[in-house]
Amino acid sequence: VDPNACQASKLSLSLLYLVLTGKIPTKLNIVNNEAIDRYVSHKQELCNQFDVLIGNPPFVKWDLLGEKMKERVAEFMKDYSAGKIDMFLPILKIAMDMLKPDGLLLFVLPHSFLLAKNAKQLRKEILDNFWIRFLGDISGVQVFGETGAYVILSVLQKKNPQSPTPIPTTVLQCRDFIGAALQDVIEGKLQENDFYSIFIADQEALTADAW
C-alpha cells in the first residue's frame with residue numbers, strides 16, 4: 001500500500017537484475033494497491049494461478065486498523081474468522097486461494113497463529129486443503145529486534161486430488177543459531193541439541209484447536 005515501498009522494491013529488483021544479467025529490466029510487475037481490494041477486483045485472474053507464493057504479511061492488530069479497513073477485513077473474513085481479525089489473516093487467506101494444486105506457500109507468521117481462536121477456521125482449512133511441509137517455531141529468537149514480534153516460518157503445499165499421498169511435517173523448535181538450524185532443515189537432518197530441535201510430525205495428529 002505504500003508507494004515509497006513499491007519504488008524501493010523496483011529499485012532493489014532492478015539493481016539485482018542488472019548485477020545478474022548486465023541489463024536493466026524493461027518491466028517489473030509491482031502493484032501499488034491494497035491486497036484485499038486487489039484480490040476481490042481481480043479474483044478470476046488471481047485465484048488458483050500461482051506455483052509459489054512467498055510473504056511476510058503485516059502484523060497489524062485489529063485495534064490499530066482504520067475503520068474503513070476494519071469493515072473491509074471483516075467482510076472478507078466473515079466466513080473464516082471470529083472476534084478481532086488481525087491483518088495477517090486475510091493476507092494468508094488470499095495467498096491460500098491464489099495457489100495452484102501442488103503449489104507452495106512460504107510465509108512468516110506471528111506465533112499467535114498456532115493458538116489464537118480467531119485463526120481456528122483458517123487452521124482447519126489448511127488441514128483440509130494443504131500439506132504442512134514445514135513449521136519452524138523461531139519465537140525464541142528476536143528476528144525483528146525489539147519489536148515484540150514472535151514468529152514462525154511455514155511452508156504449506158496445496159493438496160492435489162491426483163496425488164493424495166500424505167506428506168510428513170518437518171518441525172523446527174529453535175532457541176538460537178537459527179542459520180545453522182535452517183541449513184540442517186534444508187539438508188534433511190534431524191537434530192536434538194541445546195539450541196534447536198528438528199523432528200518429523202504426523203500432520204493427521206493436528207487439530208484446528210491449536211498446533
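What you are looking at is a predicted structure, and each value in this text was computed from that prediction instead of being measured.
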Hydrophobic clusters here meaning ILVMFWY residues chained together by side-chain heavy-atom distances under 4.5 Å, can you tell me if F195 and I138 are in one? yes
Answer yes or no: is there a donor N or O on one side and an acceptor on the other, between the side chain of R123 and the main chain of A116, under 3.5 Å? yes
Please examine the side chains of M87 and V73, heavy atoms only from C-beta on, and report whether any two atoms are closer than 4.5 Å. yes
Determine whether L115 and I126 fall in the same hydrophobic cluster, where Ile, Leu, Val, Met, Phe, Trp and Tyr are linked whenever their side-chain heavy atoms lie under 4.5 Å apart. yes
Charged N-O contact under 4.0 Å between D102 and K158: no
Among E204, Q203, R133, find the one that has a side-chain contact (heavy atoms from CB on, under 4.5 Å) with T169. Q203
If I take atom CG from residue L135 and atom CG from residue L114, how far apart are they, to the nearest 0.5 angstrom? 6.5 Å
One should read off an interatomic distance between R175 CZ and S139 OG, to the nearest 0.5 angstrom, of 10.5 Å
Is there a path of hydrophobic side-chain contacts, each under 4.5 Å between heavy atoms, that joins V40 and F50? yes
Determine whether a donor-acceptor pair (N or O, by modelled atom type, separation under 3.5 Å) exists between the side chain of S41 and the backbone of R38. yes
Is the side chain of T170 donor-acceptor paired with the backbone N or O of I200 at a distance under 3.5 Å, no angle test? no
Side chains of K93 and Y80 in contact at under 4.5 Å (non-hydrogen atoms): yes
Distance in Å, D209 CG paired with K124 NZ, rounded so as to fall on 0.5 Å steps: 11.5 Å
Same cluster (ILVMFWY, side-chain, under 4.5 Å), I54 and L104: yes
How far apart are the C-alpha atoms of K159 and N129, what are their side-chain angles, what is the distance that settles it, and do they pass the side chain to side chain contact (heavy atoms under 4.5 Å, CB included) test? CA-CA 6 Å; K159 291 181 179 179; N129 299 316; 5.5 Å; no
Within a reach of under 6.0 Å around CD of E45, are more than 12 heavy atoms found that belong to other residues, nucleotides or ligands? yes
Among all residues two or more places apart in sequence or in another chain, which pass the salt bridge (Lys or Arg N to Asp or Glu O under 4.0 Å) test with K84? D63
Within the side chain of K10, is there an N or O that forms a donor-acceptor pair under 3.5 Å with the backbone of N29? no
Go through it in stages, so that I can follow the logic: the residues are Q191 and Y196, the test is side chain to side chain contact (heavy atoms under 4.5 Å, CB included), and I'd like the CA-CA distance, side-chain angles, deciding distance and then a yes or no. CA-CA 7 Å; Q191 297 280 5; Y196 54 88; 4.0 Å; yes
Side chain to side chain contact (heavy atoms under 4.5 Å, CB included) between L106 and V52, intermediate numbers included: CA-CA 8 Å; L106 301 88; V52 179; 3.8 Å; yes
Flag the pair W211 / F113 as yes when at least one side-chain heavy-atom distance between them is below 4.5 Å, and no otherwise. yes
Between L105 and L99, the two heavy atoms sitting closest are CB-CD1, 3.6 Å
Would you call E75 and R72 a salt bridge, taking side-chain N to carboxylate O under 4.0 Å as the test? no
Between M77 and L122 the two heavy atoms that sit nearest each other are CE-CD1, 4.2 Å
Could you tell me the separation between the SG atom of C6 and the CG atom of N32, rounded to the nearest 0.5 Å? 4.0 Å
Spell out, yes or no, whether M96 and I167 are grouped together once hydrophobic residues are joined by side-chain heavy atoms under 4.5 Å, including indirect joins. no
Can you name the closest pair of heavy atoms from I94 and F76 and give their distance? CG1-CZ, 3.5 Å
Going by side-chain contact (heavy atoms from CB on, under 4.5 Å), F134 matches just one of L182, L156, I152. Which one? L182
Scan side-chain atoms only and decide if S197 and Q173 contain a donor-acceptor pair under the 3.5 Å cut-off. no
Approximate separation, where rounding is to 0.5 Å, of K70 NZ and L64 CG: 8.5 Å
Any side-chain heavy atom of M98 sitting closer than 4.5 Å to one from L53? yes
Please evaluate residues Q121 and E125 with respect to the criterion side-chain hydrogen bond (donor to acceptor under 3.5 Å, both in side chains), reporting the C-alpha separation (whole Å), side-chain torsions for both, the decisive distance (0.1 Å), and the verdict. CA-CA 6 Å; Q121 187 59 35; E125 184 165 331; 5.5 Å; no
Which pair of heavy atoms, one from V108 and one from P57, lies closest together, and at what distance? O-CD, 3.1 Å
Quick check: do I132 and L206 have side-chain heavy atoms less than 4.5 Å from each other? yes
Nearest non-hydrogen partners of D176 and V141, listed with the distance: N-CG2, 4.2 Å
For E187 and Q183, does a side-chain donor sit closer than 3.5 Å to a side-chain acceptor? yes
Does some side-chain heavy atom of S14 sit less than 4.5 Å from a side-chain heavy atom of L28? yes
Heavy-atom pair of closest approach, residues P58 and I91: CD-CG1, 4.1 Å
With no hydrogens and no angle check, is any side-chain donor or acceptor of D86 less than 3.5 Å from a backbone partner on W62? yes
For residues W131 and P166, determine if any side-chain heavy atom of one lies less than 4.5 Å from a side-chain heavy atom of the other. yes
V155 side chain near F107 side chain, heavy-atom distance below 4.5 Å: no
Any chance you could measure L15, atom CG, to I24, atom CD1, to the nearest 0.5 Å? 6.5 Å
